[in-house]
Amino acid sequence: SYVTRGKSMVRKQTNKEKRRMTKISLSLLLITIICVVIAIAWNIISISFRQSGAGETIIKENISDKYTNQYYTIGNNPTEITKSYFLELNNAITSGDTTEIAKDVVKSFICQYYTWTNKDGNYDIGGMQYIYKPRQKDFERYTLYNFYKDMDLYLTQLGRNRLIEVSEVMINSASGSEEYTVTLPTGESITLPSVKVEASWMYNTDTGMNIDAIQNHAIFHVVNHDGRMEIASISEAE
């Protein structure tokens, strides 16, 4: 009898031990699942905040009131020369001289579009606000597949500080009282008052890019779009 009872006690004790081990295993599995979920979530968050290319996101600079007006805002992370040209644009807007406004719009656009040292990636297209509004989507698409297409590669290989940065813009000529015909996305054409501006620009030489092979001059047609001067075309200088 004693032996039989002893076997029952051993069996009961073994079953109890098994249940305890099962609970421990389930607890460990639950902890593992939670850790995996947290790790995945952290990875997703890290990727979403990581800029494409250089591994470092620029901290956006607060924009002073003097770098904005009723038509334009200077944009993110402006260089010192961009700030200087934007103040010139403010003065031109105050004077109401459309030719001077067009010249300063071109200078501001060139500084923002052709400077890459302040960019997070190829999606960060500078100077878009100066482009003729109905064609901004087309211009953005063109830029992504052309001038900006290798920016991420350069960011990774050279680092942001070794990319191109406009150091000076020269206005070679500007002729107002012209009209320019713009084709809308719908296929319709519209003729607007415009200023034809020919400009050339220089880049800082402290760069890892071949500045001799990068555009440094162009002709801009700046149209008067409901009182706001906007760039409707950019072409090679004649």
Side-chain angles (χ1 to χ4, degrees), residues 66-75 78-79 81-116 125-148 164-203 211-238:
K66 68 180 179 180
Y67 295 120
T68 187
N69 54 56
Q70 64 265 44
Y71 299 116
Y72 318 99
T73 299
I74 196 169
T79 61
I81 190 172
T82 304
K83 293 177 181 178
S84 175
Y85 288 153
F86 194 87
L87 294 179
E88 291 182 16
L89 176 58
N90 278 348
N91 292 334
I93 290 173
T94 300
S95 73
D97 188 326
T98 55
T99 299
E100 289 302 314
I101 294 171
K103 289 161 61 175
D104 290 323
V105 161
V106 167
K107 290 168 73 173
S108 294
F109 169 80
I110 289 170
C111 283
Q112 294 184 33
Y113 185 77
Y114 293 96
T115 289
W116 288 5
I125 301 175
M128 286 294 297
Q129 64 174 323
Y130 300 110
I131 298 298
Y132 180 57
K133 192 164 293 184
R135 300 305 302 267
Q136 284 182 356
K137 289 294 183 183
D138 293 337
F139 183 75
E140 180 182 18
R141 189 180 306 110
Y142 171 83
T143 297
L144 288 173
Y145 287 100
N146 289 274
F147 188 61
Y148 274 44
I164 51 174
E165 181 177 312
V166 174
S167 60
E168 184 180 1
V169 180
M170 291 76 68
I171 301 298
N172 303 325
S173 65
S175 53
S177 302
E178 294 191 1
E179 289 191 337
Y180 187 77
T181 300
V182 182
T183 302
L184 301 174
T186 59
E188 300 175 82
S189 295
I190 182 172
T191 300
L192 297 170
S194 76
V195 178
K196 180 182 177 182
V197 179
E198 182 177 351
S200 55
W201 55 96
M202 300 172 62
Y203 298 99
I211 56 177
D212 293 332
I214 301 174
Q215 184 179 10
N216 61 6
H217 61 278
I219 292 175
F220 301 82
H221 282 95
V222 187
V223 298
N224 189 329
H225 181 211
D226 295 332
R228 188 178 189 271
M229 301 304 288
E230 299 172 352
I231 297 171
S233 78
I234 305 170
S235 58
E236 291 291 330
E238 299 171 351

Is it true that, when you exclude M170 itself, more than 12 heavy atoms of the residues, nucleotides or ligands shown sit nearer than 6.0 Å to its CE?
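Enclosed: over 12 neighbouring heavy atoms sit under 6.0 Å from CE of M170.
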Nearest heavy atoms of [X] and [Y], plus distance in Å:
X	Y	value
I231	I234	CG2-CG1, 3.8 Å
P134	L184	CB-CD2, 4.1 Å
N172	A199	ND2-C, 3.7 Å
S189	T183	OG-OG1, 3.9 Å

Nearest 0.5 angstrom please: [X] [atom1] to [Y] [atom2], how far?
X	Y	atom1	atom2	answer
I110	F220	CD1	CZ	4.0 Å
S175	E198	OG	CD	9.5 Å
D226	N224	CG	CG	8.0 Å
K103	S108	NZ	OG	13.0 Å
I214	I164	CD1	CD1	4.5 Å
H217	I219	NE2	CD1	8.5 Å

Do the two ring centres, one from F147 and one from Y114, sit under 6.0 Å apart?
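Yes, the ring of F147 comes within the 6.0 Å limit of the ring of Y114, centre to centre.
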Is the distance between the ring centroids of F139 and Y113 under 6.0 Å?
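Yes, ring centres under 6.0 Å apart.
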Using a 4.5 Å cut-off on heavy atoms from C-beta on, say whether the side chain of [Y] contacts that of [X].
X	Y	value
Q129	Q112	yes
I74	T82	yes
E168	Y203	no
I93	Q70	yes
I101	V195	no
K196	S173	no
V169	C111	yes

Give me the ring orientation class for F109 and Y130: parallel if the planes are under 30° apart, tilted from 30 to 60°, perpendicular past 60°.
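Perpendicular: the ring planes of F109 and Y130 meet at over 60°.
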Whether [X] side chain and [Y] backbone form a donor-acceptor pair below 3.5 Å:
X	Y	result
R135	P185	no
W201	Q215	yes
T73	N69	no

Check side chain to side chain contact (heavy atoms under 4.5 Å, CB included) between [X] and all other residues, then give those that pass, not counting sequence neighbours.
X	value
E88	S84, Y85, D104, K107
L192	Y132, I190, V223
E165	T79, T115, T117, N204

Check the pair S233, Y180 against side chain to side chain contact (heavy atoms under 4.5 Å, CB included), reporting the backbone distance first and the verdict last.
CA-CA 9 Å; S233 78; Y180 187 77; 3.2 Å; yes
Criterion side chain to side chain contact (heavy atoms under 4.5 Å, CB included) on I125 and M128, from CA distance to verdict
CA-CA 7 Å; I125 301 175; M128 286 294 297; 3.7 Å; yes
